[in-house]
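The chains referred to below are lettered A, B, ... by the order of the sequence lines, with proteins before strands, and numbering in each begins at 1. No hydrogens, no waters, no symmetry mates; every other heavy atom, side chains included, goes into these values. This one's a predicted model, so the numbers in the text were calculated from it and none came from an experiment.
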Amino acid sequence: MDQNQRPRSILDSLGEELIAILTPVSICMFTVVLLVCILNSDPSSSSSSFSSIATAAYSESDSDSSWDKFVGAFLNSLVFVASITVATFILVLLFYLRCIKFLKFYMGFSAFIVLGNLGGEILVLLIDRFRFPIDCITFVILLFNFSVVGVFAVFMSRFSILITQGYLVWIGVLVAYFFTLLPEWTTWVLLVALALYDIAAVLLPVGPLRLLVEMAISRDEDIPALVYEARPVIRNDSHLVQRRVWRERRSTQNDSNDVEVSVVRSVEVVVEEEDVGSRGGSEISVPLIDRRTNQPENSETFLEGIGLGSSGAIKLGLGDFIFYSVLVGRAAMYDLMTVYACYLAIIAGLGITLMLLSVYQKALPALPVSIMLGVVFYFLVRLLLEVFVVQCSSNLVMF
Amino acid sequence: MEASRSDDPNLNPIRNRNPNPDPTPNPLSNMISSAHIWPTIDGPLGLTEESALDYARRFYKFGFALLPWLWAVNCFYFWPVLRHRRAFPQLRNYVVRSAIGFSVFTALLLAWALTFSIGGEQLFGPVWDKLVMYNVADRLGLSGLA
């Protein structure tokens, strides 16, 4: 491939887009950590029983041995990953049968449920914690407003970019907070299992997400699912980058390009589009990877994996937001030291994934690298670093 | 490879008033020179003027279902319409009405909420305990998660 003809330009362009995708991920993680710190500071609530599909096989209790907990967590993860696989295959089937309207309606409905139900619960918890003297009428009106406008933002294709992004981040925060309420062993094994599932689903030829991506490419459509799309960067004043244009022009230039399908999505088309040719070729429209996670109360169409949208902006599935935040939230339940380590690990993993994306130019799973790095760093800090830091501080050596 | 979709107006991102988009490269120079004002806050990534009218009207009408936040979003989204007085007469109508609706509703809601929280038990008596949110949540078992 000749997308490296202007290597400097890839770094130039990647920097701004990297920030555009790192900012919402960081905001999401920060908000989840904040919520965890505020709402879980009461030690009596730490053993809450939160029953969901992820604890269907085994619910952890403090008195079990480590091996029991591990086996139980493993069973839980198996159940969860199996249900996600089934749900994703159903999504693939629906997409194949072109039930787009149903999917969009389901997306709006699930956004409403998440924002109304989960959002309401978190607000009630916050009100309870701070004894905020708000009355129920005002509360209902505010919650109703918040949810309905959120549904509009998610459902309608042409809506204020900022507000849509804000609501998607909020949905990620709410779902992630509820996932952090799972028992501890289950959470960690689940994260690792999901990272492995993501690799399998996106990269294997039989994986559901890969099928979905290929169908979306061949039909030149967007997958109707909850996806965070960074604002497309306007590169040059004299030539406003209308990224969406290239999808239509591709059909007219296809015959003149004289290349096969896989290479059509390559630099040539983009470079012909933009006289400046500044974007070396990483801005290819690659459809998203999508998947579905089964919620305790409902299932939603989340997207995982990272790709490049039809408008050339980087798209990151909402599932990635959620599981990054779950990792960091769970780290926050131990100590803030682990939070810092896991945050840096996840950001590094995301950066690596984005670079791989610009190299491989196809939809990639965004979970595995970050989750693996995050889990490794969490256990390293918890087992090794903390002892070191505590010893040093108590002897007034450092920190 | 696939059907051409270049004549689909919704997908056409070129926000000019030209009904036949020019497929040759760089069709935007005429647009830049005309200093076109975009009706939405997203600028060239947002709506065209025709569909903007439809959106503004829909948001305005939906806002009557006790949705002042929708009116506020309407004003936020069409902020350039409020700033440039002459530009979009029909749009401006709806947006200004949304702004007025939002202000009125917020004033009323704020008045009620402040009266409730500041007045407290002295003003309302035993009804206050029945209406306040944390008691309602306890009664309905909503805060039983943690």
Side-chain angles (χ1 to χ4, degrees), chain A residues 39-40 42 45-46 48 50 120-121 123-125 127-128 131-139 141-142 144-146 148-149 152-153 156-163 178 181 218-220 231-232 234 237-240 242-245 247-252 254 261 264 272-275 311, chain B residues 1-8 10-15 21 23 25-29 31-32 40-47 51-52 55 59 62 65-70 72-73 76-77 105 109-110 112-113 116-118 120 128 130-138 142-146:
Chain A
L39 292 176
N40 286 30
D42 186 7
S45 65
S46 59
S48 60
F50 175 63
E121 291 230 33
L123 278 178
V124 163
L125 287 175
I127 289 176
D128 216 10
R131 311 304 285 178
F132 201 61
I134 191 171
D135 64 306
C136 52
I137 305 170
T138 316
F139 178 79
I141 289 182
L142 289 178
F144 177 64
N145 267 275
F146 185 63
V148 170
V149 177
F152 271 113
M156 286 169 41
S157 49
R158 288 254 187 276
F159 201 72
S160 166
I161 293 182
L162 195 64
I163 295 192
F178 277 90
L181 295 176
S218 66
R219 288 193 212 164
D220 206 21
R231 183 185 292 255
I234 298 198
D237 282 355
S238 65
H239 187 121
L240 286 174
Q242 301 288 349
R243 296 298 174 82
R244 289 195 177 98
V245 175
R247 273 166 47 120
E248 289 90 53
R249 295 191 186 182
R250 184 173 68 170
S251 55
T252 58
N254 202 358
V261 173
V264 165
E272 276 168 67
E273 294 275 320
E274 307 175 5
D275 308 334
S311 57
Chain B
M1 177 174 89
E2 72 281 334
S4 162
R5 298 167 115 203
S6 52
D7 44 50
D8 186 353
N10 285 336
L11 286 183
N12 184 7
I14 302 181
R15 313 267 176 250
N26 203 2
L28 306 165
S29 50
M31 201 169 51
I32 305 296
T40 64
I41 201 171
D42 285 333
L45 300 166
L47 296 169
S51 40
Y55 266 61
F59 284 171
F62 267 109
L66 290 186
L67 291 170
W69 179 232
L70 192 59
V73 164
F76 170 73
Y77 193 35
F105 200 106
L109 196 64
L110 210 58
W112 160 248
F116 187 85
S117 59
I118 297 180
W128 196 83
K130 286 210 202 123
L131 281 183
V132 81
M133 193 58 208
Y134 39 82
N135 288 344
V136 171
D138 282 338
L142 292 175
S143 58
L145 202 56

Q.
Out of A:I137, A:I141, A:I161, return the one with the most heavy atom pairs under 4.5 angstrom to chain B.
A. A:I161
Q: For A:D135 and B:A113, indicate whether the former's side chain and the latter's backbone hold a donor-acceptor pair under 3.5 Å.
A: no
Q. For A:V124, does its backbone N or O pair with a side-chain atom of A:D128 as donor and acceptor, under 3.5 Å?
A.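 Checked: no pair found.
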Q. Out of curiosity, A:F152 CZ to A:S160 OG, how far, rounded to the nearest 0.5 Å?
A.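 Going from CZ on A:F152 over to OG on A:S160, the span is 14.0 Å.
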Counting only non-hydrogen atoms closer than 4.5 Å, does [X] touch chain B with its backbone (N, CA, C, O), its side chain (CB onward), both, or neither?
X      : answer
A:L123 : neither
A:I134 : both
A:F139 : side chain

Q: Describe, in one word, how the ring planes of B:W112 and B:F116 are oriented to each other, choosing from parallel (under 30°), tilted (30 to 60°) and perpendicular (over 60°).
A: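 Aromatic pair B:W112/B:F116 classed tilted.
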